[in-house]
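Letters go in sequence order (proteins before strands), and every chain restarts at 1.
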Amino acid sequence: MSGTDLFTFNTFGKRPMKEQVTPHKLSVLILVHKYQTLRLPTILHEGLMDDSLEEIVFTENEKRDFMTTILDLLQSSDIELKELRAKLHGVVKPVVLDFFFDKLKEIHDDGLQPIMKFFHDINDLVSHDSESKPFISKYSVLGFFFRRMILAFNKLSFSQVTELWAKIKHYYELCFPNNEPEADLAKSLTDSVMSLSGTGGPLTKSCLAQSFEGLQISENTVGGFYSQKQAEYFIAQQASLLHHNESKALSPRKLQDKITVILKANKDLAEAHFLSYLNSLRVKEYCTAIHNLYHYYDRNAKISSTSTTAKDKEDLSIRYAALNVAALHFRFGHHGEAMASLIESIHKAQEVNDHVCLQHALAWLQRFGQQGVAAMAHLIEKSITRSEDLSLPYLTSLGVQVLARHNAFVFEKPASVFEYLEYSDILNCQNFLTGMIQVSYTQKSALWHLFGKSELSSMSSLLVLNLDTIESGVSDNTELSCIALCNLAEKHAERGQYQIATDLLNHAKLRFPVDCVDSHHWMKSEQQINFDRMLNNRKWNLVEQAVINLRVVAEDESNLRNAIYLCEKGEATQAFNQLQKLLEDMKDTTDGKELDFQCRVLLAMSRLYINTGNHTTAIIHVLDCISKARSHHMNYFIAIASVQLAFIQYHMKLPEQALGLLERNMLPVLTNGSIYDQARTLYCYARVQVACARHSQQDKKSALLSAVSVMNLVIELFKKVEAHHRVKDGVYYQARLYNDLGYTAERNKCAHDFKQLDQQHPTLNQMSINAF
Amino acid sequence: MADITKCDLTKVKTDLILAHRKCSERRLLNSAKWAAEMSQAVTKEINLNELIQPQYRKDFCDEFDKYTVATTYFDLKEYGRAAREVEKCKSSQGYFLYMYSRYLADEKKRLDNSSDSIGPVEQEDKNLKTLHIELQKKHLAKELDGFGLYLFGVVLRKLELNKTAVEVLVESVNQEPLHWGSWQELALLITDRQMLNSLELPDHWVKQLFLANVYLELQLNEEPLKIYQSFLDNGFMKSKYIISQIAISYHNMREIEQAVKAFKQLHKLDPCRLENMDIYSNLLYVKEMGGDLADLAHHSCEIDKYRVETCCVIGNYYSLRGQHEKAVLYFQRALKLNPHYLSSWTLMGHEYMEMKNTSAAIQAYRQAIEVNKRDYRAWYGLGQTYEILKMPTYSLYYYMRAQQLRPNDSRMVVALGECYEKLERLVEAKKCFWKAHSVGDVEGMALLKLAKLYDRLQDEDQAASAYIEYISKMETQGFAKFEEQGQAYKYLANYYRSRKQWDEAYAAAQKCVEFLETREEAKAILKTIQTERGITESNIHVDMDASTGSITMERHPLVPSDTPLGRITPTALRFTP
């Protein structure tokens, strides 16, 4: 008994063959063989010597086309003869095709003898025994393929050869069911002649139908007879597509079908289970995912006798198994389970001092752990130094980025945050981590947004989309692109360019269909943009719809927006309850990640107080917001909150103070704010200016005049974002200004405008009259 | 006449003889064997002459030559040839033989080809499907007799059309209640008791045997024992089938002594019988009866060395001797002989575990699961492997799977509970141990673990009552671990002492003294009880010697010694294959 026998896990105690002769591969062999014999008449066999063959000359283009087609056929999975015919159609000379089908028919009709002879013949193509050079180099792609096939064929027992023949028969009959290929063939030949002779030939109906037919086959057949090589290639390709550009990969259902086929043919191919796991993650199918993951790692364990090196390997896979299980649980939101698995992985890694695995575990630990805690920063720093020592650039870069993010949430200055990101950028550049570069830009975009620089945020998003990520013909299409697109859409919507925003979202929808994992990003953005627009438009039912839709993808956000909606609608009590609840929830979370959300809740609360005329209480929340924003360097929130404070001061008859505050804080709002915010700020500024000027008669007129011009701008801006009720407000105020100035004609015109607007958009509740 | 006690044995025997003839006419060899064996067990005089006169129908007589040739071909295992001979036959025997040989020819071809197949066969079940279509046509025309229905059921089961298969098989047993093959096929399709109760079965004494068989499969071990006993008492004294079934039920109940006894009896009755000997060898293995196992292996090998059972027996023998490589080889051979012999994979997994080759063990268990997803032993084995690798969280998944498959098996729940305990998820662990106790604890460990857990959770009342129940259970069952019991008494003594229930505390401490490990501590406790009692109830005098020596424990050390995991080793975990 030999040692290896003991560890063979197959019912029959044999290892499965890695390479097999299949009908499709035989077809490829025949094709190449025929091509060679026709191209080089010197090696023509006696029987084929014929006058008609003399004139066959292949142009360089034809040679190239043929070779690329063959390469494609070698690398893809087995296809049916019908599909093969469609593929070869127009690429290969009709003569070759003719011979090819003749040979297949011969094999089909005459049984084993032709196959045996054929394999004997092709041996000459690659073997050295004759004095002349072989016709196919031994070490070329085709040479390897030929030799592999010859070897595989020679290994077959007689009964297996008969089985192969039965398969070929079946394969052939699928294409020519009535055993009468001639008529069909003739048609295809004439077609191919036509397409060869003319420049493309006329686009006839039959041509279209044929190409369509070809497409359909590839859709329907579950795909051929996989050898291990083909299966490995397929798995690697699909996995990489899933990672980089999900939409290019097969759809989940088809992929699963393919995997089933592969597993049927190669029971021991553990990687197929992993692909199945990835596929299940795509559709968020927990049960299958977890079964597949466990299955993969069980099967993946390296079989060995008791030698020590192999033992290490086996442990290795177990460590990463636990790590992957942790990742899986985290993805499905099972944090407790994830932590337990992670700890187990760490234990196993510590047992054998596997620092690389430990670093990976640490990276996950950062993800699981509480954000914005000092202990976390310490952990990340340690992880960065260790990863650097172990030369794991990916983890180092990731760690640096995480640290940057962490710092952004804990009172660190933006400059230092971006310094870290720059370090990460250097690492990415040095090690060509394309993925991380994208992550870095996305991170920057988010951070600029947080710090209140919307232009820079947009620019970073554009950079994400602009990166050249094409790798082997497939450009990246990851979650990051989706986020970037959504960010840009939102920024455009803020500027009142609703059409562009919609276009961007539609593009996102195209790239990330609804059943895609990342689709929730654009769903969220779409609803938010809808909400803002419809709120300005006062279309309450649509606003409500948006709130409900949003709840599916982002609950907190939806609650906040619901409160804002209620507030605008005038249902103060309900709005207050909602906001109060949100404020209470906020107290519990120490998480830093929702800083801007917290500020927005505070602002909304204060606005509610303003609208109900309770200015003193409103101040508390505004100040709270300002202090929070200041501690985290969120410039935009400082500015807009200050403007809101100024508005309160104006109402409390403190216009001088309000004016000072406004003059200090208007600039950030006007540069970075949304159009609506800008308009509100300017409106407030105009009113404060007028209020200040009332004391001295001299300034009054000039103040009124400048206020009028400001109001022109305000009205224009409000019109841009379709906020008609605010336009009405503005027109009314302008009318008052003209009245004070004594410009009756202008006043009447404004009054007329107001009248018209009021008919279209009547004011329904008194709360919105005093709104900021 | 549903009950065997009320049956007329003469009638039973006559029926069995007729059934045997019907089955052997159709070359249903296993069912014929069963009928013959059962008939042999009934020792009643009957008038054979009358029975032996065959009464054939005319259509059969017309086709008699064809039929005879076909049967000879069939007996020589030339199934295709046999089928050709009886192709156009109309008689029920001829038609059945035709279909049956086609089915077997297909099976044989598939088995032969699977060893050197190249890639997947596209139309693997093409022949089965044509058979299915033809039989379905006949079935719809109501032309199938009981045997035809049986074959239809078998084909349906192969095509995994289980629901229809059950219906058809029920129909079949209603028509031919004495065809044991149909019952067996039906038994394989029954998943739970509810399903069993919903079937409309014929009111026949065979039904009892069928029920017993299903109960065995469903691990409801008490009931089949009762049924089999009633058969034994009513004329089937020497039935090998019934004795072997009894042995299996004892084995399932982990009544090892009884099971061994039954198998010995069976062996004596029919020394050349190899069926179920693999289970016998498992029992001998667990009892570590090396000599008997060697004899059995020797004997089986002489009868037929190319039998799955023989390979299993020899594998077990080598495993017991610690020659695990050889054991693996024999299990592999068993698999080569019969790829459907599932437990071989699991047993191989156990061997690899013994060889400390965890990854190979994992592979073997996984193979077992691949062949049959419902193989709970393999799931359990995987869980245990990962637990040994110190990955309790990871092994939770496997134990859960095992427990799902066997919701009423305490071993799975205990394993799950221990994992939870290791992960400090005590509430879940508590639930598990409680469940293990309530489903009937096989190893008797659940209560003890529950008690310890309550102790850890500082729920003293619960802990004490769990200990009390543990002790009373141990006493009634008559076997115990000294150490554990000592600990239990010690805990109780301390518990009562803190409650100032002096008498109980005193009694518990007294018992504690009986155990070696806790003797010294017990004495100390006794002393404290004495003094503390003296303080509180100084005026009451207690006669110290009154209660000593009144309780003697019966001790049957049966459970194998502790492993690092604190429970039976995976190799000791042998189930019915």
Side-chain angles (χ1 to χ4, degrees), chain A residues 1 3 5-14 17 20-22 152 156-157 159-161 163-164 166-167 170 225-227 261 264-267 290-291 294-295 297-299 301-306 310-311 313-315 317-318 321-322 325-326 336-337 340-345 347-348 351, chain B residues 112-124 324-329 332-333 335-341 344-345 348 351-352 355-371 373 378 382 385-386 389-398 401 422-425:
Chain A
M1 65 183 186
D5 261 9
L6 266 185
F7 299 99
T8 314
F9 291 94
N10 190 298
T11 328
F12 303 104
K14 273 195 297 191
M17 278 181 286
Q20 279 162 2
V21 188
T22 62
L156 294 181
S157 68
S159 68
Q160 284 169 329
V161 177
E163 202 183 324
L164 175 65
K167 277 185 176 173
H170 179 67
F225 328 88
Y226 282 86
S227 74
V261 173
K264 217 173 165 189
N266 304 278
K267 281 213 169 71
I290 198 152
H291 291 332
Y294 276 101
H295 200 151
Y297 277 106
D298 285 345
R299 297 307 301 268
K302 299 282 175 298
I303 304 301
S304 61
S305 333
T306 45
K311 187 99 178 111
K313 252 187 197 162
E314 158 196 326
D315 277 353
S317 105
I318 285 170
V325 170
E337 301 274 327
S341 282
L342 186 65
I343 288 167
E344 211 158 85
S345 165
H347 278 316
K348 292 303 284 184
E351 253 175 43
Chain B
D112 289 349
N113 283 349
S114 59
S115 62
D116 64 357
S117 132
I118 48 164
V121 191
E122 294 97 64
Q123 288 161 323
E124 210 166 345
H324 300 294
E325 285 88 353
K326 281 194 173 175
V328 169
L329 275 186
Q332 278 178 346
R333 181 185 281 185
L335 269 179
K336 275 180 205 170
L337 289 170
N338 180 4
H340 301 296
Y341 188 67
S344 206
W345 281 119
M348 255 162 79
E351 294 311 318
Y352 287 125
M355 285 155 75
K356 306 252 181 312
N357 191 331
T358 42
S359 56
I362 290 169
Q363 291 280 314
Y365 288 133
R366 254 299 165 188
Q367 283 285 354
I369 292 167
E370 204 128 299
V371 184
K373 260 190 205 154
L382 274 175
T385 315
Y386 281 108
L389 289 169
K390 289 190 207 132
M391 300 172 77
T393 321
Y394 207 79
S395 60
L396 263 185
Y397 166 78
Y398 298 105
R401 300 281 302 180
K422 274 186 195 155
L423 293 167
E424 299 289 323
R425 288 160 72 172

Q: In sequence, state the C-alpha distance, the side-chain angles, and the governing distance for A:Tyr297 and B:Arg366, and then conclude on side chain to side chain contact (heavy atoms under 4.5 Å, CB included).
A: CA-CA 10 Å; A:Tyr297 277 106; B:Arg366 254 299 165 188; over 6 Å; no
Q) To the nearest 0.5 Å, how far apart are CD in B:Glu370 and CG in A:Asp298? A) 10.5 Å
Q) Contact part of B:Leu382 toward chain A, heavy-atom cut-off under 4.5 Å: side chain, backbone, both or neither? A) side chain
Q | Contacts of type salt bridge (charged side-chain N to carboxylate O under 4.0 Å, His left out), residue B:Arg401, not counting sequence neighbours | A | none
Q: Looking only at non-hydrogen atoms, find the nearest pair between A:Glu344 and B:Pro392 and report the distance.
A: OE2-N, 3.0 Å
Q.
To the closest 0.5 Å, what do you measure between OH (B:Tyr394) and NZ (A:Lys348)?
A. 11.5 Å
Q. Which region of A:Ile343, side chain (C-beta onward) or backbone (N, CA, C, O), has a non-hydrogen atom less than 4.5 Å from a non-hydrogen atom of chain B, or is it both or neither?
A. neither
Q) Looking only at heavy atoms, what is the nearest atom pair of A:Ile318 and B:Tyr386, with distance? A) CG1-CE2, 4.3 Å
Q | Side chain proximity check, B:Ile369 to A:His295, heavy atoms < 4.5 angstrom | A | no
Q | Contact class of A:Ala321 relative to chain B, heavy atoms under 4.5 angstrom | A | both
Q | Gap separating the NE2 atom of A:His347 from the CG atom of B:Leu389, nearest 0.5 angstrom | A | 14.5 Å
